[in-house]
Amino acid sequence: MSLKRQSEPFGIRCAYATLNDNPFLAGDENSLIFESDGLVVIDQGLIHAAGHYNSLRPLFPELEIVQYQNALLVPGFIDTHVHYPQLPMIGSCGEQLIDWLTRYTFETEQRFCDIGYARRVADHFLDACLDAGTTTAAVYCTVHPESVDAFFAASLERGLRMLAGKVLMDRNAPAALLDTAQTGYDQSEQLIRRWHGQHRLSYAITPRFAPTSTPAQLEAAGALRSAYPDVLVQTHLSENPQEVAWVKSLFPERRHYLDVYAHYGLTGPRCIFGHALHLCESEWRMLSDSGSSIAHCPTSNAFLGSGLFDLETARSCQPNMRLGLATDVGAGTTLSMLKTMGAAYNVAQLRGNALSPVKAFHMATYGAAQALHLEERIGRIAAGLEADLVILDLQATPVIEQRMAQCSDIADTLFVQMILGDERSVRAVYSAGKSVKPAV
Ligand SMILES: [Zn+2]
C-alpha cells in the first residue's frame, strides 16, 4: 500500500464544519462551527491551528497548502460498534437476531482461527472504512486471539486510531467458537499487554452478550475491567425481544438485562452498549446514572427487524449521555457513517421526531468520540487534536450536485450529505495528518 505523506507542517484550505459543544444541550447553532473559507494547519500528526483562511494564513506565510474546492472538511467519522469478521457475510437474507447469528455469523466467524484469512479480511475492512471516511471504530473481533492480532497489525500499518477486542463466549455457540472463563481472561490480558496503548491502538474487553457468557465468564470480565480500568468494555444490550426473554431465563435472579452487566461490574464510564432498544425505565436510569455509553445502530436495527431506538428518552433522561452512531456491520448494511446518519434520521421520523443534521453529525463525530472516551484526541477540528480528517465532495453525484445548488446554509448542506451521500462523497481522508485515501 502506498501512502502519500505531505511534508509537515502543511495546511488544508477548504470550507470546514465541526462541533465544539453538544447540540442536545447547547442547541444546534451554538454547537456548530462553520468556516466557508477555512485553513487547518497540520503539524506532527496534530491539528496545530484552525480558522478563517485570511486570518490564519499571514501567521504561516511559508506553509505548503493543499486546497479543495466544492468540498467540505469534517472530522474523520467514528463508528462506535462494528464487527470486522462479519464483512464477508454482510447482506445475508431473511432472519432475526438469534437465527441470523446461528445461521450466518457463527459459521463465518469460525474461519478466523486462521490468521492469514483474518488479516485479509482486516485489510479489506479497514480499506472499506477509509473509503467511507471512517478513521476510528470500536471493533469486535472473534473469539480467536489471532483475529485481534491480525486486526491491530493491519491498523498499526495504516497508523489508524482503532479500538478492538477478542470476543468472550463460553456457552450457547458452536464448540469451535468457545473459550472458557479462564482462557478468555488470560487471552484478553495477553492482548491488552501486547496492544493496548501501542501507537494509537486501544483494547476493548468484549463479552459478546449475556446469553453467550456464563456467570463465571462475566465475573472474569468484570475482574479484567477492575485490573485495567482505562480499557473500554463493549457488549450488546437489549437488541431483540426474543433475546431479552432469553436473558431473563438465563439470569432469573437479576432485575433486568442491564442488571446482569451491572452485577458483574460491567456498567459505568468506558462501558459501551450496542443497541439498547427494549429498555425499561429502570434500565434507562441505570445507564444514565452509571455514566455508560450507547452505540445506536440504525441500519442494523432495521435490517434485523429489531426495533426503533428511542433517542428522545435517551436524551430526556440524560442530555449529556455519551451516545454515538454505529454501523454494526454485518447486521448493518453499510460502513458509511453518512448513510448511517440518514438511517438515524429515518428511525427518529418513524418515532415521530425529526433529527436535526447537526445532531446527527454530532453523533458521528464529537458525540461518538465522547461515547468512546476519546474526545480529548479525536472527533473535532480544534488545535491539539489528532488530524483525522475527511474531505467531502459536495458534488459527488449529479443528483447531489443539483440539490446542493439549492442549499441555503451549512445545516442544509449537512442534511443533503447525510440523506444522499455515501462512499462516493468521500474525496480524501487524512489519518494523523497522513493521506490514507488519495488526495487530489
Ligand atoms: Zn453488534
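This chain uses plain numbering: 1 for the first residue, then up along the sequence. Every number for a ligand or one of its atoms is a count from 1 in the order of the listing.
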Check your understanding: So, is E239 placed with an N/O/S atom under 2.8 Å from the Zn ion (ligand 1), counting both backbone and side chain?
Key -> no
Exercise for review: May I ask you to check whether Y203 and H196 place their ring centres under 6.0 Å from each other?
Suggested key: no
Exercise for review: Determine whether the aromatic ring centres of Y140 and H81 lie less than 6.0 Å apart.
Suggested key: yes
Check your understanding: For the residue pair F309 and H296, is the inter-centroid distance of their aromatic rings smaller than 6.0 Å?
Key -> yes
Point to revise | Identity of the N, O or S atom of H81 lying closest to the Zn ion (ligand 1) | key: NE2
Point to revise | salt bridge (Lys or Arg N to Asp or Glu O under 4.0 Å) against R103, all qualifying residues, sequence neighbours excluded | key: E95
Revision key, fill the gap. For OD1 in D328 and NE2 in H236, the angle at the Zn ion (ligand 1) (nearest 10°) is 170°
Review point. If you check every N/O/S atom of H83, which is the one nearest the Zn ion (ligand 1)?
Key: NE2
